[in-house]
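Read through the structure below, which is laid out as structure tokens, and then see the notes.
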Amino acid sequence: MGVVHGQEMVLNIGPQHPATHGVLRLQVKTDGEIISEITPYMGYLHRCFEKHCENVTYEQVIPFTDRCDYLASMTMNFGYVVAMEQLMEIKVNDRVEYIRVIMAELQRIASHLLGIGAFGLDLGAFTPFLHMLRDRERILDIFEMTCGARLLYNYMWVGGLSHDLPTGFVEATLNFLDYFEPKVDEFENLLGHNKIFVERTADIGTMPAEVAISYGVTGPNLRGSGVKWDLRKDDPYSIYDRFDFNVPVGKGMKGTVGDCWDRFYVRIQEIRESVKIVRQAIDQLPKDGDVHQAMPKKIRPPKGSIYRRTESPRGDLGYYIESDGSDTPYRLKMRSPAFTALSVLNEIGAGWLMSDVLGILGSLDIVLGEIDR
Amino acid sequence: MTVDFLFDFLSELFADLVGSGPVLIISMLIPCLMLFGFITIYALIVIYAELKISSFIQDKVGPMGQGVGLHAGKWGLLQPIADALKLLLKEDIIPSRADKPLFILAPFMIFIGAFISFVALPFGESIIIADLNIGLFYILGVGSIAVLSLILAGWSSNNKWSLYGGMRSAAQIVSYEIPAGLSLIVVIMLAGTLNMQDIIRYQAGGIFSWIFFDNPFVPIAFVVYFISAIAETNRTPFDLPESESELVAGFATEYSGMRYAFFFLSEYANMFVVSAVAAACFLGGWHSPISGFMDSPAWGVFWMISKTFFLIFIMIWLRWTLPRLRVDQLMNVCWKVFLPVALINIFGVAIWTVIFNQ
Amino acid sequence: MKRYFTDIFESISSILGGMGITLVHLFRARNDNVTLQYPEEKWPRPERNIGFDHSNYNVIRSRLHVDMDDCIGCLKCERACPVDCIKIVTEKAPARGEDIKAIKHKGITAKGTRKALVVTRFDIDMSECCYCNLCVYPCPEECIYMTGGPNAKKHPIDYEFSEPDRSDLIYRFAKKGTKDGLEKINAEQEVGA
Amino acid sequence: MNEDKEKIISEAVEKALQGEMDAINNIEDRVTRSKAKAALVKAKRAKAVNDEDSIKEDDTSESKVEEKINFNQTVCQKISEKFPESIDAEQNDDWIQVKPENWLKIAKWLKSDEKLYFDSLQCNTGIDLGEGVLESRYNLHSMKHLHKVEIRIKISAEKPDIPSVEQVWRVADWFERETYDMFGINFIGHRDLRRILLPDDWEGWPLRKDYEEQETYHGIVVPKVKEGWE
């Protein structure tokens, strides 16, 4: 921390703190309320994901990818599975692709709901958090219906899915979407346009576009700064090119481009886009097609390496898989979007007040499981 | 129920037996014990109300007494009692490096601050413990003891978070007393006295004779008073001293068990005091809205309590809707918005009464 | 100066708007409610507000259960488990496919395969199990499964199996006394032969 | 007031499209400059999209793979002309093997060169290739031209030194700290090189193939002990 001036106080926003979204220690130099320097300390939730992956076979890696970003584990599976299928040149049939897109987009809605809710909670608004959890509960019911689990699914396998959709899935999802659509506008009015919320988030923690790109920030945080970069459109994978949805970008409606409010509003619009995608995917869902059809009996990818990125709710989720021909990965590196989002905290957070720094941390929407792996 | 009424009554019975000293003590002790009983019952009711209202607002159902064996009673009615018992039985930890005497003193001081301001609250025609002729001034003066105890709690627990909480609460409560006081001056200008009972008697007659409807400036004064009263009791959107998501629990971080219960209890007691003052000064105290209907002294208590509970409901309702203000915005709102509005209000009421010389 | 008044007006209108929304929720708390009154309403969720019947789940995640009569000791589930929480020890059966009354060993499984091995130890450490369901797929006899859901007929759902002591969470499915019973039989055979 | 701001932005973007970037850089007000930058990125992408449409007639998949290969070769030739003997092993189509010596200069050039403009380092992976050879792989990507390349640097395990590119891409700061934490590759010139995920006083580099975990850490037994199981 270097030398501490007379009136400055070193404060540990410690591993056990209500606003750190997990186990993260922010060592902070404050002078009264104004925070001059933030040094994040991580590693409290390090479970040696990459070392584990070197000792388990390719099918057994999937439950581990679930546990990295436990709020969006469907998209974590999706990223790993897309990377593996590109490495092994497997082509899955359309039904599997559509089910995967439906599941990934529902998971994006659920993860954004919790991200926005926790952001509101950091600023003191309790009720929106619980309203959003109530709607997230409905999405978890839909996941539970298909793969039995509510948080860590192990549903998408290399070459297909573990289970086909149960009867009544399409009606349940359509009921949910019809019920959910008006609720998003309610969130926007209850939280988004509330003057105190705007006062607490507009013009705070602004992240200019070059800083975001140079710090490798991706996802809603980058789009909040005005850069139109969404992997589903710019580096398309799976069948995202069959759906028309637009990529919301921060326009600085309530302050400058790239402030906390923009990141919040980009996430709200992304929820609406995901709802549109799920609707289109459901009515184009092919009835026939076996979900186990393209699954190899024994997964032995050819020797070689691949780096594949997919769009997780927090940004570019990259898998670097190096295989040496055997059935266990030689090296598996997961590029975590929240890891780079946290690295920008000191750059955009220094100089603000204590309550703002926690607001900025909330607006970056980080998950410590993914950062510490 | 004033102290002197009780004193005369008792001195007739026992005058010959014992000197007038003990009788005076007894006649003071009995209302205080009754007051203490009232506060505990009120606290249980308002904790239950906050529990249920917040759950319904958040689309939850709150404790419903499900489960076997010892549970929270039908519709969760036993939950407040369970909370109180838990706080009583919980171990009282005093941090080793804390400033022990101050640490122990702080919760009592905040409770005393809240408790003694009940004395001047008018509950009914003659139901008031001490009918002081400077009632309103006394309540405002006593209300500021809470500031001292919050700073004391913040400083003595020797913890950075509570230091933050203590400093923030000092700045907040002291600066919000000014707009509260200024907006009460409007009431004093109209009623002409500081005595709480006379202020209420001034508002006799139906709903339109209340001070609230006296002239167009008073509703603004009511809103300013009500919001700064919320700030004084550290309720959202001004609950910065013990904001959960930033300062862990602000000044109350190191407190547990019975001491924490005192902070909790005094926050609710303060809430009752400020809404009772608002009800008495602006909403006609124990007068019923329709002059003839249910206006007897007994019913007066009902009107007074129901108006106060209505204002408490609004405070609870606000708490579960709004996010929290930042410290500098808090100060900004107080000094740049409430103060000018309160001053203009006084000016406006003065001109209005001169022109229409009621 | 204008901004000062717009600020005040905006804050009043947005606060009143927000309070309006919460008031509506205050009186309609029941119908959007998702909380589960635990002991009365148990998971899997009653179809109160999701609109599907949980008996037509096609998979469920709860405690693992093994029907020992069908287990042929092929160790496929032990290899499939990512966290190695299954431990199986098998012995060669004296005669292929015959029942052995002494240790209640059934020779033929429900699917009609004749067993060549006697499973003397089949332990699953439920405190380590990560509920990923990977062990259920490779089993040829479908004897290892998660209780409830689609296989509720075989075994009702059971997820309330918490224990004060961690080692009590190790479920031993092998029948009592198989190990020493088998040794006694082998010993008799040597004596006999 | 913001009509003329729109005007400044639009003609700055026109000038920048013809290639001279300082039209945007000399807008002094920070907000309009970042808006201009965003508009430029959008304009570039729009231009890039309609370029692709023009060449979309031939089937994309086949041309994409072959276009990726010769793109790799072009980048490799550019590097070898600029920095004579920095290309390490033989040339192949997936990645570019670079010698560690002047990697920092190559990185700066890759970022600043107009046609390449690799402005974002996507991912840095450390890997232990066995027999004491470590490798650090960089996946670079250009937000402007939407092309990407993978650069690998081989080093020996005894002297694992690679110049740090932390000044070039700020994201490399934490990526390199993690690779150091897991593989022990020390990045020369890194301003704050210490362990990021593991406790600071942890011995050994976990992801190396020859790593055995230490017995106790501050008195806590590290390997897993489970009674009643074996």
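In what follows, chains are A, B, ... by sequence order, proteins preceding strands, each numbered from 1.
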| field | Verdict with supporting geometry, C:His25 and A:Thr127, side chain to side chain contact (heavy atoms under 4.5 Å, CB included) | value | CA-CA 10 Å; C:His25 277 280; A:Thr127 323; over 6 Å; no
| said: Let me confirm one number: the CD-OG1 distance from A:Glu137 to C:Thr35, rounded to the nearest 0.5 Å. | reply: 9.0 Å
| request: Enter the distance from C:Glu10:CD to A:His193:NE2 here, rounded to the nearest 0.5 Å. | output: 11.0 Å
| A:Asn154 and C:Leu134: which non-hydrogen atoms are nearest, and at how many Å? | ND2-CG, 3.6 Å
| said: As an exercise, state the distance from CG of A:Leu190 to OG of C:Ser14, rounded to the nearest 0.5 Å. | reply: 10.5 Å
| query | In terms of heavy-atom pairs under 4.5 Å, which option from A:Leu152, A:Thr146, A:Asn189 contacts chain C the most? | reply | A:Thr146
| Under 4.5 Å from any heavy atom of chain C - which part of A:Tyr155 | neither
| query | Taking every heavy-atom pair that is under 4.5 Å apart, which of A:Glu199, A:Lys183, A:Arg134 has the most such pairs with chain C? | reply | A:Arg134
| query | Does CZ in C:Phe161 sit with more than 12 non-hydrogen atoms of other residues, nucleotides or ligands closer than 6.0 Å? | reply | yes
| task | Report the option among C:Ser13, C:Cys81, C:Gly20 that has the most heavy-atom pairs separated by less than 4.5 Å from atoms of chain A. | result | C:Cys81
| At what distance, to the nearest 0.5 angstrom, does CG of C:Asn133 lie from NE2 of A:His163? | 5.5 Å
| message | For A:Arg150, is there any backbone N or O sitting under 3.5 Å from a side-chain donor or acceptor partner on C:Arg61? | response | no
| request: State, with a plain yes or no, whether a side-chain heavy atom of C:Val34 is found less than 4.5 Å away from one of A:Arg138. | output: yes
| request: Starting at SG of C:Cys132, measure out to CG of A:Asp66 and round the result to the nearest 0.5 Å. | output: 9.0 Å
| C:Asn58 and A:Asp164: which non-hydrogen atoms are nearest, and at how many Å? | ND2-O, 2.7 Å
| Side chain, backbone, both or neither: which part of A:His52 has a heavy atom under 4.5 Å from chain C? | neither
| query | Which atoms of C:Asp84 come close to chain A, meaning under 4.5 Å heavy atom to heavy atom: side chain ones, backbone ones, both, or neither? | reply | neither
| request: Look at the side chain of A:Gln60 and the backbone N and O of C:Arg79, then say whether any donor-acceptor pair between them is shorter than 3.5 Å. | output: yes
| task | Taking all non-hydrogen atoms of both residues into account, name the closest pair between C:Cys130 and A:Arg67 and its distance. | result | O-NH2, 2.9 Å
| field | Gap between atom CE of A:Met145 and atom CD1 of C:Ile60 - 0.5 Å precision | value | 12.5 Å
| task | With a 4.5 angstrom heavy-atom cut-off, could you sort out which part of A:Tyr153 is near chain C: side chain, backbone, both or neither? | result | backbone
| Whether over 12 other heavy atoms sit under 6.0 Å from A:Lys298 NZ | yes
| field | Residue A:Leu133 versus chain C: region with a heavy atom under 4.5 Å | value | neither
| Without hydrogens or angle criteria, can the side chains of A:His292 and C:Tyr137 be said to hold a donor-acceptor pair below 3.5 Å? | no
